[in-house]
2 protein chains.
Amino acid sequence: MTRTEASRMSADERRNQILQVAIKLFSRKGFSGTTTREIAQAAGISEAIIFKHFATKSDLYSAILDYKCHEAGLEQSFSLLHEAIGSKNDYEIFYELTLNAITHHEKDPEFLRLLMLSALEGHEFAEMFVRRKIEPLYEILSEYIAQRQKDGVFRNDINPKLIVRAFLGMITHHSMNKLLWDSQQRILKVSDEEAARAFSEILLSGIKKNREENSNVEN
Amino acid sequence: MTRTEASRMSADERRNQILQVAIKLFSRKGFSGTTTREIAQAAGISEAIIFKHFATKSDLYSAILDYKCHEAGLEQSFSLLHEAIGSKNDYEIFYELTLNAITHHEKDPEFLRLLMLSALEGHEFAEMFVRRKIEPLYEILSEYIAQRQKDGVFRNDINPKLIVRAFLGMITHHSMNKLLWDSQQRILKVSDEEAARAFSEILLSGIKKNREENSNVEN
DNA sequence: GTCTATACTAGGATAGAC
DNA sequence: GTCTATCCTAGTATAGAC
């Protein structure tokens with residue numbers, strides 16, 4: 001089964017190779033910024049082959065997003081969450097979630113790019129991803145926060161969903177910055193662990209009740 | 001000087017009109033997603049006129065980004081900051097900055113879109129904007145934070161730049177979300193003031209020293 | 001300042017041979 | 001499975017008349 005370079009592949013191999021090459025290009029230049037010519041060239045094949053595997057350029061794009069959506073599912077985070085939430089170890093929850101997200105963004109930078117680009121370009125994919133992955137995440141997290149507010153551990157004068165937004169904002173903004181600028185040492189260069197620690201600390205201290213507030217509460 | 005509709009304009013008027021129309025389109029569909037045909041159509045003129053005013057499509061795009069960069073300067077925030085920083089009224093600083101940013105993003109949604117799209121597409125504009133506007137903002141804010149850490153008011157175990165990043169992350173992520181989804185009532189719908197209040201509260205409480213920590217500090 | 005007409009290139013997609 | 005050749009449309013850009 002040894003093979004040199006781009007010689008004859010099986011249909012599945014070829015399809016997959018095209019997918020991989022196209023992911024790189026679409027994630028860097030967006031849908032309309034990428035041509036099927038480039039994709040073919042980068043894959044070392046003729047354009048005709050692309051259209052054997054994907055009826056249209058749009059189909060290829062959709063296939064990519066679909067693929068990435070499964071691969072980059074937040075299932076890992078979800079299970080992490082469910083586990084942690086039982087324990088009510090707040091710091092653990094936020095730290096692990098953050099570190100998990102940041103390292104994931106790092107390992108798969110194309111995903112963030114594709115997501116952002118497709119969102120800005122108004123592709124249905126982004127909306128689907130939000131509906132199927134982000135909204136549930138909001139639900140779980142904000143419910144947990146609401147619970148901790150009822151427990152009297154978190155201050156209850158902030159909308160839980162706004163807390164989630166603040167939290168996800170820190171994370172995604174940080175990842176975007178890393179993706180776009182930090183490689184050139186612009187602005188900031190820190191380890192993922194340090195970032196995760198900082199964000200969890202800020203968020204948690206930010207939403208925890210002060211002890212004194214706690215004691216002279218009005219009802 | 002009364003005029004009906006798209007009849008003969010002066011060169012400057014026309015140029016400006018093209019700019020405005022193009023801003024809308026480029027911000028929605030990106031550079032390569034927008035055609036000069038569409039722009040001409042939307043402006044109610046022929047393509048030839050566009051090329052009378054801008055040598056190439058790229059030139060038009062650059063002109064837009066340049067224009068937006070000036071218009072959307074953070075000067076307002078900077079002067080706001082300088083004022084506030086003297087007073088050391090921490091909450092005021094963060095709240096005003098946040099509200100200012102959010103309302104600005106709201107008033108000029110095209111700006112965020114153009115910035116993000118050009119950043120993702122690797123256009124030099126985004127990099128320039130970061131260098132000229134964002135980096136200075138980081139400097140000012142992180143210096144202020146470092147000062148407050150020295151004052152013993154903020155905890156000093158978090159990198160000031162990471163704090164700035166967390167802060168800007170909340171804000172821009174929130175604005176992006178509003179831009180992309182919240183109009184459809186997805187996820188979250190809150191007033192700008194409530195969001196600004198939440199973000200400033202979280203951040204500030206998150207980075208302030210606890211009173212007890214404050215008293216039994218080790219050196 | 002504006003249009004119509006058009007040149008020219010690039011991009012998506014297909015036919016048909018191997 | 002793959003290529004070459006090619007079709008066709010869309011896209012940028014220009015010429016020249018009004």
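No hydrogens, no waters, no symmetry mates; every other heavy atom, side chains included, goes into these values. Quick caveat, the model's predicted, so the values are computed rather than measured.
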Only counting residues at least two apart or in another chain, list the ones meeting ring pair (Phe, Tyr, Trp, His ring centres under 6.0 Å) with B:Phe78.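 B:Phe78 satisfies ring pair (Phe, Tyr, Trp, His ring centres under 6.0 Å) with no other residue.
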So, using ring pair (Phe, Tyr, Trp, His ring centres under 6.0 Å) as the criterion, who are the partners of B:Tyr67 when residues are at least two apart?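 So B:Tyr67 forms no ring pair (Phe, Tyr, Trp, His ring centres under 6.0 Å) with any residue.
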Measure [atom1]/[X] against [atom2]/[N] and give the value in whole Å, please.
X       : N      : atom1 : atom2 : answer
A:Ile18 : C:dA13 : CD1   : P     : 14 Å
A:Asp59 : C:dT14 : CG    : C1'   : 16 Å
B:Ile45 : C:dC3  : CD1   : P     : 7 Å
B:Gln17 : C:dG1  : CD    : P     : 13 Å
A:Ile49 : C:dG12 : CD1   : C1'   : 16 Å
A:His53 : D:dC3  : NE2   : P     : 11 Å

Residue-phosphate contact under 4.0 Å: A:Arg8 side-chain N/O, D:dT2 OP1/OP2: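 Answer is no, no contact under 4.0 Å.
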Is there a donor-acceptor contact under 3.5 Å from the side chain of A:Glu92 to the main chain of A:Asn89?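 The answer is no, because no donor-acceptor pair under 3.5 Å joins these two groups.
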Which residue pairs pass the side chain to side chain donor-acceptor pair (under 3.5 Å) test when at least one of the two sits in residues 39-53 of chain A, sequence neighbours left out?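 Found A:Thr36-A:Glu47, A:Arg37-A:Glu47.
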In the 5'-to-3' direction, what one-character label does each nucleotide of nucleotides 4-18 of chain D receive under the scheme B = base within less than 4.0 Å of a protein heavy atom, S = sugar-phosphate only, - = no such atom? B------BBBBB---
Donor-acceptor pairs under 3.5 Å, side chain of residues 22-29 of chain A to any protein atom, not counting sequence neighbours: which ones?
residue, atom, partner, partner atom, Å
A:Ser27, OG, A:Ile23, O, 3.0
A:Ser27, OG, A:Lys24, O, 3.0
A:Lys29, NZ, A:Glu38, OE2, 2.6

Can you name the residues that form a side chain to side chain donor-acceptor pair (under 3.5 Å) with B:Glu83, not counting sequence neighbours?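 B:Glu83 satisfies side chain to side chain donor-acceptor pair (under 3.5 Å) with no residue once adjacent residues are dropped.
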